[in-house]
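Taking it in order: structure first as structure tokens, then the write-up.
Every chain is numbered from 1, with letters handed out A, B, ... down the list of sequences.
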2 protein chains.
Amino acid sequence: MSTIDTTDIPETIRELGPARPQRADALRNYEKLIAAARDAFAQDGASASLEEIARRAEVGIGTLYRHFPNRQTLLEAVYIDELQALCASAATLSELPPWDALVAWLYRFVAYLATKRALAQELLNYLDGDAALFQSCRAGLYAAGEPLLQRAQEAEAVRADTNLTEIIQMVGGIAKIPGLEPEQVEHILEVALDGLRYRAPVGQP
Amino acid sequence: MSTIDTTDIPETIRELGPARPQRADALRNYEKLIAAARDAFAQDGASASLEEIARRAEVGIGTLYRHFPNRQTLLEAVYIDELQALCASAATLSELPPWDALVAWLYRFVAYLATKRALAQELLNYLDGDAALFQSCRAGLYAAGEPLLQRAQEAEAVRADTNLTEIIQMVGGIAKIPGLEPEQVEHILEVALDGLRYRAPVGQP
DNA sequence: ATAGTTCCGGAGGGAGCCTCCGCTTATGCC
DNA sequence: GGCATAAGCGGAGGCTCCCTCCGGAACTAT
């Protein structure tokens, strides 16, 4: 149904971020920094120490600041990277059985939300309404998830009377319940996802 | 209708905060600190520099830390102080005409919300569910506002088919619209509050 | 007035932010 | 391969902030 070419979405999103460096060594450092920042932000929230990030990336603090002139740029780059990874994973997962693929992707989505939550607050403070970014992100997300859902529905693994918007809202809502342990979230999610399963119509109650 | 004695609410709330010091000089400093902190947090958000706050209060940094061992304690104390002031103002305002009193109080409420927003995020990180505080706050708020609304309704200044919950939600919702200039908020609020006015029933259209 | 608390203030050590600039290294051209 | 040069590196240094600690000042009760 979707007319968007899923495979192109990640690049579209990536273009929203800061330009990646050209030289091989610079690119290496750039990527080490994003990886280190992702971990650090996930662990300590958006206020993680930039010097600590540089240290983890085994890179000088100067290098960090050259690639990302301020915390915001780095935050944004990490966010975009995460989102791209989430979108890209949809393609990989399509090798699994339909139901498993969808569920796996939704779990991946939950992990992504955790990162996003840490970043979003701070991100909004500065970005305040760079709608283009978030719109693109949303589009990419849907383009990535839609095929998975459709396949699952065609295989009668997922009930027909639902859609991706609804599912994402549900999963998002559960993931965002405040003050819950990860295991609790996972359990609730498990229950809720089970509700998505297709059940053959039954004659009598 | 309310069986709560409004005038006692502020004390009840205050008791939730850290104990105020006894000695005259200590109390003076305590209050200077809260005032300075209120300004600083309003200006720079919850991450305002504590040293700057001590400086503004013309007090040594050590004094700040003795009264408020950590940022949270100070944040909480400011929040409680603000809330108490809001509640107390209801009593003063009752000298105004009913409509004016209610509107003035609601504007005061908006100002309070601005502070609260700055504090709430950070506050929740640590407090995470000290429900007692927030419950008390809510009770105090309602006890303070209810008489004002009632008086206004009895004077036929405010329509009868509404209540404080609704009004507070409305005002709060408007105050929280993201990315608006204060003047814009004020204008929207003006319009919305006008909708509260009592209008005599009209026979023909 | 004096003793005994209570409170004050800021020095100091540690950490983070960010800038600046001399040195290193990759790349493209011969 | 060798070289020029542009691109990139990294960390010292100057600043601010956080928080602790303790000698001395100020208040209060007697």
Between [atom2] of [N] and [atom1] of [X], the distance in whole Å:
X: B:D44; N: D:dC17; atom1: CG; atom2: P; value: 10 Å
X: A:R20; N: D:dG8; atom1: CZ; atom2: P; value: 14 Å
X: A:I53; N: D:dG11; atom1: CD1; atom2: P; value: 17 Å
X: B:Y30; N: C:dC8; atom1: OH; atom2: P; value: 13 Å
X: A:R66; N: D:dA7; atom1: CZ; atom2: C1'; value: 9 Å
X: A:L74; N: C:dC18; atom1: CG; atom2: P; value: 11 Å
X: A:L64; N: C:dT19; atom1: CG; atom2: P; value: 12 Å
X: A:E51; N: C:dG14; atom1: CD; atom2: P; value: 15 Å

For residues B:A101 and B:L148, report the shortest heavy-atom separation together with the two atoms involved.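 Answer, listing the atom of B:A101 first, then B:L148: CB-CD2, 4.0 Å.
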
Compare the minimum distances between each of [options] and the side chain of [X], then state the nucleotide with the smallest one.
X: B:R55; options: C:dT19, D:dC17, D:dC18; result: D:dC17
X: A:A24; options: D:dT28, C:dA26, C:dC17; result: C:dA26
X: A:D25; options: D:dC18, D:dG8, C:dG16; result: D:dG8
X: B:I61; options: C:dA11, C:dC17, D:dC9; result: C:dA11

Given that B:L27 and A:R28 both sit by DNA chain C, which one's nearest nucleotide is further toward the 5' end? B:L27

Assign [X] to base, sugar-phosphate, or nothing according to its heavy-atom contacts below 4.0 angstrom with the strands shown.
X: A:N29; value: sugar-phosphate
X: A:A54; value: nothing
X: B:T63; value: base

Select from B:G62 and A:G60 the residue whose nearest nucleotide in DNA chain D is closer to the 5' end of that strand.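 Counting from the 5' end, the first nearest nucleotide belongs to A:G60.
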
Indicate yes or no: at least one non-hydrogen side-chain atom of A:L27 is less than 4.5 angstrom from one of A:R23. no

Should B:L149 and B:E146 count as side-chain neighbours, where that means a heavy-atom distance under 4.5 Å? yes

Any donor-acceptor N/O pair under 3.5 Å between C:dT6 base and B:R23 side chain: yes

Would you call the rings of A:Y30 and A:F68 parallel, tilted or perpendicular, taking 30° and 60° as the class edges?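 Correct class here is tilted.
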
So, B:R55 and B:E52, do they make that salt bridge, N to O below 4.0 Å? yes

At less than 4.0 Å, is any side-chain N or O atom of A:H67 found next to OP1 or OP2 of D:dG8? Yes or no. no

Using a cut-off of less than 4.0 Å, is there contact between a side-chain N or O of B:S49 and OP1 or OP2 of D:dT16?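 For B:S49, the contact criterion (side-chain N or O under 4.0 Å from OP1 or OP2 of D:dT16) is not met.
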
